[in-house]
Amino acid sequence: MVTKLRIAIQKSGRLHEDSIRLLQECGIDISNGGNKLKSSAANFPLEVFFLRDDDIPQYVEDAVADAGIVGENVVYEKKKQVEVMEQLGFGKCRLSIAVGRNEEFDRKQLEGKRIATSYPVLLQEYLDNNKITADIHEISGSVEIAPGIGLAEAICDLVSSGSTLLTNGLKEVETILHSQAVLIQNKNLGEANRTLLQSLLFRIRSVKKAKNNKYILLNAPNDSLDKIISLLPGMKSPTVLPLATSGWSSVHSVIDENDFWRIIEQLKGAGAQGILVVPIEKMIV
Ligand code: ATP
Ligand code: MG
C-alpha cells in the first residue's frame with residue numbers, strides 16, 4: 001500500500017481558504033472539499049481531512065491525522081500532545097480582554113468579576129499568572145454580546161481588526177496571546193510519513209520565504225556600483241551585468257519585503273535608475 005500523509009484542515013471558516021491556498025502554492029493539486037469529509041491530492045501522496053478547527057489537535061494527537069493546520073490559540077487552549085512545526089503567517093489575531101468602552105481599566109479590577117470566553121484554559125492561566133480570582137463563564141460563540149446582556153462584566157475573545165468589539169461598545173484592554181495558523185504534527189509519526197511531512201514542510205518554507213522577499217533589478221552607473229552593491233546583499237551577492245550603453249550596468253538581487261522602501265530610497269540616492277521589483281514564486285535556500 002502506498003503511504004499517504006493525512007493532514008487535517010478547517011472545513012469552513014477563517015482558516016479554510018488560506019490553508020487550501022498554501023497547499024496549492026506548494027504545488028499540491030487539491031479540490032476545496034465542498035461537502036466532503038476528505039479529499040486526495042492528485043500529484044502528492046496526501047489526503048486532506050476537512051474538520052472543525054477545535055477538533056484538529058485531538059485528531060492529530062490520536063494519529064487519525066498525521067498533521068494539521070490550526071490556530072495557535074486552539075493548540076494552546078486544547079493542551080493536546082502535538083508538536084508545533086511551523087508558523088504559517090496567516091490567520092493572525094490576538095486573544096484579548098475587553099471591557100465596556102467607558103470603563104476605566106486596571107488588571108486588578110477583574111478581581112471577582114465575571115468574564116465570558118471560549119478560551120477558559122488560556123484565560124485561567126492569565127488570571128493565575130496575575131494572581132486574580134475571577135468567575136469564568138465559558139460560552140461557545142458570540143462572546144462579545146455577553147456584557148450587553150448582563151452575563152459578564154468583561155470578555156476574553158479573539159480580535160483582529162477590533163471592529164466587532166467596537167460595534168458592541170467594548171474596548172480591548174489586555175492581550176493574552178498573539179496567534180496565527182501553525183502546522184502541527186503527531187509526535188510519533190512513522191518513518192515514511194515523517195519523510196513526507198518533511199518534504200511538505202520544505203515546500204511550505206520555500207513559499208513563505210518567497211512571499212517575504214522581492215526580486216529587484218536596476219540600472220546603475222559603474223562608478224556607483226560599490227555603493228549600490230553594499231545596499232543589496234542578495235542571496236549570495238548581487239548579479240552585475242554590463243548594459244549596451246558603456247559605463248552602465250544592470251544589477252539583480254533579492255531583498256526582504258520589510259526593508260523594501262528604506263532600501264529603494266537609498267538606492268535612488270546612490271544613482272540607481274529604472275528600478276523594477278517583481279514577486280518571487282518559490283525560493284529554495
Ligand atoms: P469551526 O466551525 O471550524 O469550529 P470557528 O467558528 O471556531 O470554526 P473561525 O471563526 O473560522 O472558527 O476562526 C478560526 C480561527 O481563525 C481562529 O481559531 C483563529 O485562530 C483565527 N482567527 C483569525 N482572526 C480571527 C478573528 N478576528 N476572530 C476569530 N478568529 C480569528
Ligand atoms: Mg471552532
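Order of appearance sets the numbers: ligands from 1, and atoms from 1 within every ligand. These numbers come from a predicted model, not from an experiment.
The distance criterion of under 3.5 Å between nitrogen or oxygen atoms is met by S160 with respect to ligand 1.
The protein does not reach atom 6 (O) of ligand 1 closely, with no heavy atom under 4.0 angstrom from it.
Considering only heavy atoms from C-beta on, E77 stays 4.5 Å or farther from N73 through its side chain.
The side chain of N73, and not its backbone, has at least one atom closer than 4.0 Å to an atom of ligand 1 (non-hydrogen atoms only; side chain from C-beta on). With a heavy-atom cut-off of 4.0 Å, K11 does not touch ligand 1 at all. Contacts of V74 with ligand 1, taken as heavy-atom pairs under 4.0 Å, involve the side chain alone.
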(message) Does I136 form a side-chain contact (heavy atoms from CB on, under 4.5 Å) with Q124? I'd like the steps, not just the answer.
(response) CA-CA 8 Å; I136 298 178; Q124 189 63 60; 3.2 Å; yes

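Of the protein's heavy atoms, Q10 NE2, 2.9 Å lies nearest to atom 8 (O) of ligand 1. What sits closest to atom 2 (O) of ligand 1 on the protein, heavy atoms only, is R52 NE, 3.0 Å. Protein heavy atom closest to atom 14 (C) of ligand 1, with residue, atom name and distance, is D53 OD2, 3.4 Å.
V84 pairs in a side-chain contact (heavy atoms from CB on, under 4.5 Å) with only one of the listed residues (I184, L183, V70), which is I184.
Judged purely by atom type and a 3.5 angstrom limit, K211 has no side-chain atom pairing as donor or acceptor with the backbone of V207.
Residue contacts with ligand 1 do not include E72, since none of its heavy atoms lies under 4.0 Å from the ligand.
Residues S160 and C93 come closest through the heavy atom pair CB-CB, 4.4 Å.
The atom of D54 nearest to the Mg ion (ligand 2) is OD1, with the search restricted to N, O or S atoms. For the Mg ion (ligand 2), the nearest N, O or S atom contributed by D53 is named OD1.
Proximity annotation for atom 13 (O) of ligand 1: of R14, K92, H16, R14 comes nearest, heavy atoms only.
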